[in-house]
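Numbering starts at 1 and runs along the sequence shown. Bear in mind that the values here come from a model prediction, so they are computed numbers and not experimental data.
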Amino acid sequence: MALKTVPNQANVDEFIAGVVDEQQREDCKTLLKIMHDLTGETPGMWGTTIVGFGDFHYRYASGREGDWFLTGFSPRKQNLSIYIMEDIASLSDITSRLGKHKHGKGCLYVKRLLDIDSEVLKELITVSIHRTKERYKDVNP
């Protein structure tokens with residue numbers, strides 16, 4: 001089964017400009033800066049709704065493999081999805097200091113960035129990037 005969310009040439013700035021909610025649009029601009037600063041990577045569109053930074057190739061013991069981004073985000077109707085490439089439950093020492101959020105296995109959900117501590121978010125993203133690069137030695141520079 002082929003992965004549907006792949007990098008493409010869609011324009012990130014146009015995508016962000018099209019975010020209807022003004023606060024969410026501003027939060028996206030802030031996330032662009034934070035993630036660019038932390039990764040040193042240019043943002044790119046993955047699929048139609050995800051902004052990703054960097055990429056790496058993964059291969060699971062099952063044989064499944066593919067390419068994914070180091071970190072990213074997506075403005076969703078209910079909240080911002082912030083992609084962390086770690087099991088977020090294993091980072092509770094950090095997320096306990098984050099502020100108002102929900103999470104899945106590798107995704108934070110926040111209503112708006114004002115609800116969380118941006119320095120703690122930066123720490124969380126940095127740890128995730130470091131661990132991902134360690135786990136997948138063939139991370140693209």
| K77 side chain near D21 side chain, heavy-atom distance below 4.5 Å | no
| So, does H101 use its side chain to make a donor-acceptor pair with the main chain of G99 at under 3.5 Å? | yes
| Are K29 and E26 ion-paired here, with the side-chain N under 4.0 Å from a carboxylate O? | yes
| message | I need the minimum non-hydrogen distance between Q24 and L80, along with the two atoms involved. | response | CG-CD2, 3.7 Å
| note | Heavy-atom closest pair (I88 atom, G106 atom, distance to 0.1 Å) is CD1-C, 3.6 Å
| field | Heavy atoms of other groups near E22 CD, more than 12 under 6.0 Å | value | no
| query | Do you know the tightest heavy-atom contact between G47 and N8? | reply | O-ND2, 2.7 Å
| With side chains defined as the heavy atoms from C-beta onward, is the minimum distance between F56 and T132 less than 4.5 Å? | yes
| message | Working to the nearest 0.5 angstrom, can you tell me the gap between R25 CZ and F15 CZ? | response | 12.0 Å
| Side chain proximity check, I16 to L32, heavy atoms < 4.5 angstrom | yes
| query | Do L108 and K102 come close enough that some side-chain heavy atom pair is under 4.5 Å? | reply | no
| field | Side-chain (S74) to main-chain (T49) donor-acceptor, under 3.5 angstrom | value | yes
Side chains of residues 113-121: which donor-acceptor partners sit under 3.5 Å, not counting sequence neighbours?
unit_1	atom_1	unit_2	atom_2	d
D115	OD1	R112	NE	3.3
D117	OD1	E119	N	2.8
D117	OD1	V120	N	3.2
E119	OE2	K122	NZ	3.1

| field | Residue pair M45 / V51, side-chain heavy-atom distance below 4.5 Å | value | yes
| said: For W46 versus D55, what's the shortest heavy-atom pair and its separation? | reply: CZ2-CB, 4.0 Å
| Is there a side-chain contact between E65 and H57, using heavy atoms and a 4.5 Å cut-off? | yes
| query | Which value, rounded to the nearest 0.5 Å, describes the distance between N79 atom CG and Y109 atom OH? | reply | 7.5 Å
| said: Side chains of C28 and L31, heavy atoms from C-beta outward: is any pair under 4.5 Å? | reply: no
| Are L98 and I94 side-chain neighbours, meaning at least one heavy-atom pair lies under 4.5 Å? | no
| said: To the closest 0.5 Å, what do you measure between CG (L70) and CZ (R131)? | reply: 15.0 Å
| query | If you measure from OH on Y83 to CZ on F73, what distance do you get to the nearest 0.5 Å? | reply | 10.5 Å
